[in-house]
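Notes for the one structure printed next.
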Amino acid sequence: MNRVLDADFFHRDVLEVAPELVGKIVAHRLSDGTVLRERISETEAYRGEEDKGCHASKGRTKRTELLYGESGFLYIYLCYGMHWLMNVITGEKDQPQGVLIRAGERFEGPAKLTKQLKIDGSFNGRPACGECGIWFEDDGCRPEIKTAPRVGIDYAGDYWKNIEWRFIADRK
DNA sequence: TTAGTGATATCC
DNA sequence: GATATCACTAAA
């Protein structure tokens, strides 16, 4: 029996949540009742205003407001005009943190994942549990995790660019 | 390597 | 109102 992750799971520091989310399953129930499932194979952590790679580093705005809010909510962001990226808010309120879901086992790449799961901006700000149709499950899988520097944030400077806050399932 | 794409933030 | 920027992908 799969355990659905509740708010307590996300209500911790992003550096604890992000590696644990690897190997979990993200599920989405469509309006017609179909349930799409995908095991997460890669995440990245974004944490704090001092993290130059984090959207909240520029301060609290309408867009980043969600990052400061309650843990367990979804932050969906449109990148380059055509790609939806999915994040989950973690940690304490008023502390900007989030986990970027970068890839699934079958859908490698953050935009492919959201596309295949049919997730778009309409889910921005929704809770990541039951009611809105999106939730996370733990089926007991505990993959080996390896770390790597985050990608796509060359602008963030040497320190934040090279910090290893990317978590990847080490496939056997 | 480059084009394509549109919301957001920032600068008039 | 205008422009610069961007946590990407696909095609070449």
Side-chain angles (χ1 to χ4, degrees), chain A residues 5 9-10 12-26 28 36 38-92 94-128 132 134 136 143 145-170:
Chain A
L5 303 182
F9 179 88
F10 299 104
R12 292 180 293 155
D13 193 276
V14 66
L15 293 180
E16 289 184 49
V17 178
E20 284 190 35
L21 217 44
V22 176
K24 299 292 186 291
I25 293 168
V26 55
H28 178 203
L36 302 172
E38 177 67 11
R39 189 181 304 281
I40 297 165
S41 63
E42 191 175 333
T43 64
E44 279 180 17
Y46 288 85
R47 182 175 188 253
E49 290 180 352
E50 71 239 8
D51 176 1
K52 294 290 181 296
C54 182
H55 284 165
S57 66
K58 286 176 188 158
R60 192 167 181 155
T61 66
K62 192 180 175 187
R63 175 168 139 209
T64 58
E65 183 71 27
L66 272 164
L67 286 167
Y68 292 81
E70 300 271 349
S71 50
F73 280 69
L74 298 170
Y75 170 47
I76 314 282
Y77 163 67
L78 181 66
C79 184
Y80 299 101
M82 54 188 99
H83 306 301
W84 294 106
L85 308 197
M86 180 166 76
N87 301 247
V88 192
I89 309 306
T90 67
E92 298 294 324
D94 295 324
Q95 195 179 12
Q97 307 191 334
V99 181
L100 168 68
I101 312 298
R102 274 197 73 79
E105 258 178 356
R106 291 170 294 160
F107 313 136
E108 202 167 318
K112 286 185 196 164
L113 184 80
T114 50
K115 190 178 172 189
Q116 295 300 319
L117 288 174
K118 301 198 192 310
I119 289 168
D120 63 23
S122 64
F123 295 95
N124 193 29
R126 304 280 194 93
C132 79
I134 293 178
F136 294 86
I145 310 288
K146 59 183 176 186
T147 60
R150 294 178 293 178
V151 299
I153 53 166
D154 285 348
Y155 61 88
D158 286 342
Y159 177 77
W160 294 106
K161 195 170 85 176
N162 295 319
I163 198 164
E164 299 208 333
W165 281 0
R166 183 179 178 201
F167 304 96
I168 306 166
D170 204 354

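Protein chains get the first letters and strands the later ones, always in sequence-line order, with residue 1 at the start of each.
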Quiz prompt | Least distance between heavy atoms, A:Arg47 atom then A:Asp13 atom | solution = NH2-OD2, 2.9 Å
Practice problem: Check the distance between C:dC6's C1' and A:Ile76's CD1 and give it to me in whole angstrom. | Solution: 17 Å
Exercise. Could you tell me which residues satisfy side-chain contact (heavy atoms from CB on, under 4.5 Å) with A:Ile89, sequence neighbours excluded, listed by chain and number?
Key: A:Leu67, A:Phe73, A:Tyr75
Quiz item: Which whole-number value in Å describes the distance from A:His83 NE2 to C:dC8 C1'?
Solution: 4 Å
Quiz item: Residues in side-chain contact (heavy atoms from CB on, under 4.5 Å) with A:Gln95, at least two apart?
Solution: A:Glu92, A:Gln97
Self-check item: Atom pair distance, as rounded to whole Å: CZ in A:Phe107 and C1' in C:dT9
Solution: 16 Å
Exercise. Go through DNA chain C and write down every stem, that is, every run of at least three consecutive Watson-Crick or G-U wobble pairs with distances under 3.5 Å, as range with range.
Key: B:1-4 with C:8-11, B:6-11 with C:1-6
Quiz item: How close or far is atom P of C:dC8 from atom CG of A:Leu85, stated in whole angstroms?
Solution: 6 Å
Quiz item: With a 4.0 Å cut-off on heavy atoms, is A:Gly81 in touch with a base, just the backbone sugar-phosphate, or nothing at all?
Solution: base
Quiz item: Atom CG in A:Leu85, atom CD1 in A:Ile119: separation rounded to 0.5 Å?
Solution: 11.5 Å
Practice problem: For A:Leu113 and C:dT9, give me the distance from atom CG to atom P, rounded to whole Å. | Solution: 10 Å
Exercise. Using a heavy-atom cut-off of under 4.0 Å over every strand shown, decide if A:Leu100 touches base, sugar-phosphate, or nothing.
Key: base
Quiz item: Rounded to whole angstroms, how far apart are CD on A:Gln116 and C1' on C:dC8?
Solution: 15 Å
Quiz prompt | Spatial distance of atom CH2 (A:Trp84) from atom CG (A:Leu117) [nearest 0.5 Å] | solution = 15.0 Å
Exercise. With a 4.0 angstrom cut-off to heavy atoms of chain A, pull out the first and last contacting nucleotide of DNA chain B, in 5'-to-3' order.
Key: B:dG4 to B:dA9
Exercise. Sequence neighbours left out, what pairs pass salt bridge (Lys or Arg N to Asp or Glu O under 4.0 Å) with at least one residue falling in residues 56-65 of chain A?
Key: A:Arg60-A:Glu65, A:Arg60-A:Asp94
Quiz item: Roughly how many Å is it from CD in A:Glu108 to C1' in C:dC8, rounded to a whole number?
Solution: 14 Å
Practice problem: Would you mind reading off the distance between A:Tyr77 atom OH and C:dT9 atom P, rounded to a whole angstrom? | Solution: 13 Å
Practice problem: Determine the contact category for A:Arg102: base if any of its heavy atoms lies under 4.0 Å from a base atom, sugar-phosphate if only primed atoms, P, OP1 or OP2 are that close, otherwise nothing. | Solution: sugar-phosphate
Quiz item: Okay, side chain of A:Arg150, backbone of A:Ala45: is any donor-acceptor separation there less than 3.5 Å?
Solution: yes
Quiz item: For residues 51-61 of chain A, which residues have at least one heavy atom under 4.0 Å from DNA chain B?
Solution: A:Thr61
Exercise. Describe the nucleic acid contact of A:Gly109 in one word from base, sugar-phosphate, nothing, applying a heavy-atom distance below 4.0 Å.
Key: sugar-phosphate
